[in-house]
Amino acid sequence: MNRDAIDKFAGEWATEWPALDVSHLQTVGRIWRISEHLRRRFEVWLQPHGLNWETFDVIVSLLRRGAPYRMRPTELSEACLLTSGAMTNRLDRVERAGLIVRRPAPDDRRSVQVELTPKGIALADQVIQPHFTAARQLLECLDDKQRQTLAHLLREVLTTLEPANDAAAGSNRVTKASSGAPAVAGDVPPRRSRLGPAAGEGHSASKRTTKGKRARRPA
């Protein structure tokens with residue numbers, strides 16, 4: 001069996017903090033690390049088209065909606081799992097590139113809608129097929145049955161974080177779940193002191209408290 005970075009991290013935790021349950025790294029850790037690798041790969045093959053992942057995410061979200069390729073900023077925020085402030089900054093950059101335009105909403109002149117420009121539509125049409133092809137090739141290490149099993153299991157996980165038709169709530173839950181704080185005080189067993197049990201027993205209560213806070217940082 002091939003070993004990966006997560007195996008290495010788990011081994012390091014086993015040495016540094018033997019009582020700590022790091023079983024989530026086998027799944028959650030790998031999902032997170034794969035996600036980061038995918039984002040880097042996406043940036044590589046989007047770059048020749050003058051795109052990065054953030055710009056691509058916006059224009060394909062609009063393209064996926066269908067003609068007239070228009071959404072409200074809040075809908076885009078939910079689709080891209082961004083806060084409204086981060087979405088505004090991203091839209092500013094994509095609009096400066098001439099790929100979208102913000103127009104007053106026809107049913108409410110106080111609000112706006114984001115719409116793909118002809119340039120944005122043409123670029124999205126140009127890049128979507130190569131992107132999908134390259135993304136599928138990343139799973140060639142699995143056979144059809146394995147891909148179906150993986151898709152099913154990941155769906156089970158995602159639907160606990162992001163129920164259907166509730167993307168905003170899912171985004172909030174993801175933010176809370178990413179905070180790194182233990183669910184219940186005392187869930188995390190104490191880390192073994194590098195100084196050994198005898199030396200550790202002599203530490204003051206304030207030092208133990210500070211050390212405990214440091215130890216609770218996410219892996």
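All residue numbers in this chain count up from 1 along the given sequence.
- Within the 4.5 Å cutoff, side-chain heavy atoms of Pro73 are placed close to those of Val114.
- Between the Thr117 side chain and the Leu99 main chain, a donor and an acceptor come within less than 3.5 Å of each other.
- The environment of CZ in Arg41 is sparse: at most 12 heavy-atom neighbours from other residues, nucleotides or ligands sit within 6.0 Å.
- Side-chain contact between Leu62 and Arg70: absent, with no pair of heavy atoms (C-beta onward) separated by less than 4.5 Å.
- A side-chain donor-acceptor contact under 3.5 Å links Asp7 to the backbone of Asp4.
- Ile128 contributes atom CD1, which lies 10.5 Å from atom NE2 of His49 (distance to the nearest 0.5 angstrom).
- The closest side-chain heavy-atom distance from Thr27 to Val157 is not below 4.5 Å.
- At a threshold of 4.5 Å between non-hydrogen side-chain atoms, the residues Val58 and Met87 count as touching.
- Distance check: Glu78 CD to Leu81 CG gives 9.5 Å after rounding to the nearest 0.5 Å.
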**Report entry** Arg93 and Thr55: CA distance, side-chain angles, deciding distance, side-chain hydrogen bond (donor to acceptor under 3.5 Å, both in side chains) verdict
**Finding:** CA-CA 8 Å; Arg93 293 191 292 271; Thr55 304; over 6 Å; no

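- Remark: the backbone N or O of Met71 is not paired with any side-chain donor or acceptor of Arg65 at under 3.5 angstrom.
- Between Glu95 and the choices Lys119, Arg103, Arg102, the salt bridge (Lys or Arg N to Asp or Glu O under 4.0 Å) rule is met once, by Arg102.
- For the atom pair OG (Ser35) and CZ (Arg40), the distance works out to 10.5 Å, reported to the nearest 0.5 Å.
- Ring geometry for Trp53 versus His131: interplanar angle of 30 to 60°, hence tilted.
- Counting heavy atoms from C-beta on, the side chains of Leu46 and Asn52 never come closer than 4.5 Å.
- Within 6.0 Å of CD in Gln129 there are 12 or fewer heavy atoms belonging to other residues, nucleotides or ligands.
- Looking at Leu82 and Asp57, their side chains never come closer than 4.5 Å, going by heavy atoms from C-beta outward.
- Note that the CZ atom of Arg33 and the CD1 atom of Ile31 stand 14.5 Å from one another [nearest 0.5 Å].
- Taking CD of Glu43 as the start and CG of Leu51 as the end, the distance is 9.5 Å to the nearest 0.5 Å.
- Formation of a donor-acceptor pair under 3.5 Å by the Glu115 side chain with backbone atoms of Tyr69 is not found in this model.
- Between atom CG of residue Asn2 and atom SG of residue Cys141 there is a gap of 10.5 Å, rounded to the nearest 0.5 Å.
- Under a hydrophobic-cluster definition in which Ile, Leu, Val, Met, Phe, Trp and Tyr are linked whenever side-chain heavy atoms come within less than 4.5 Å, directly or via other members, Leu158 and Trp32 are assigned to different clusters.
- With hydrogens and angles ignored, the 3.5 Å screen pairs no side-chain donor or acceptor of Arg72 with any backbone N or O of Gln113.
- Side chains of Cys80 and Ser61 form a contact here, defined as non-hydrogen atoms less than 4.5 Å apart.
- In this structure a side-chain-to-backbone donor-acceptor pair under 3.5 Å is present from Gln146 to Asp143.
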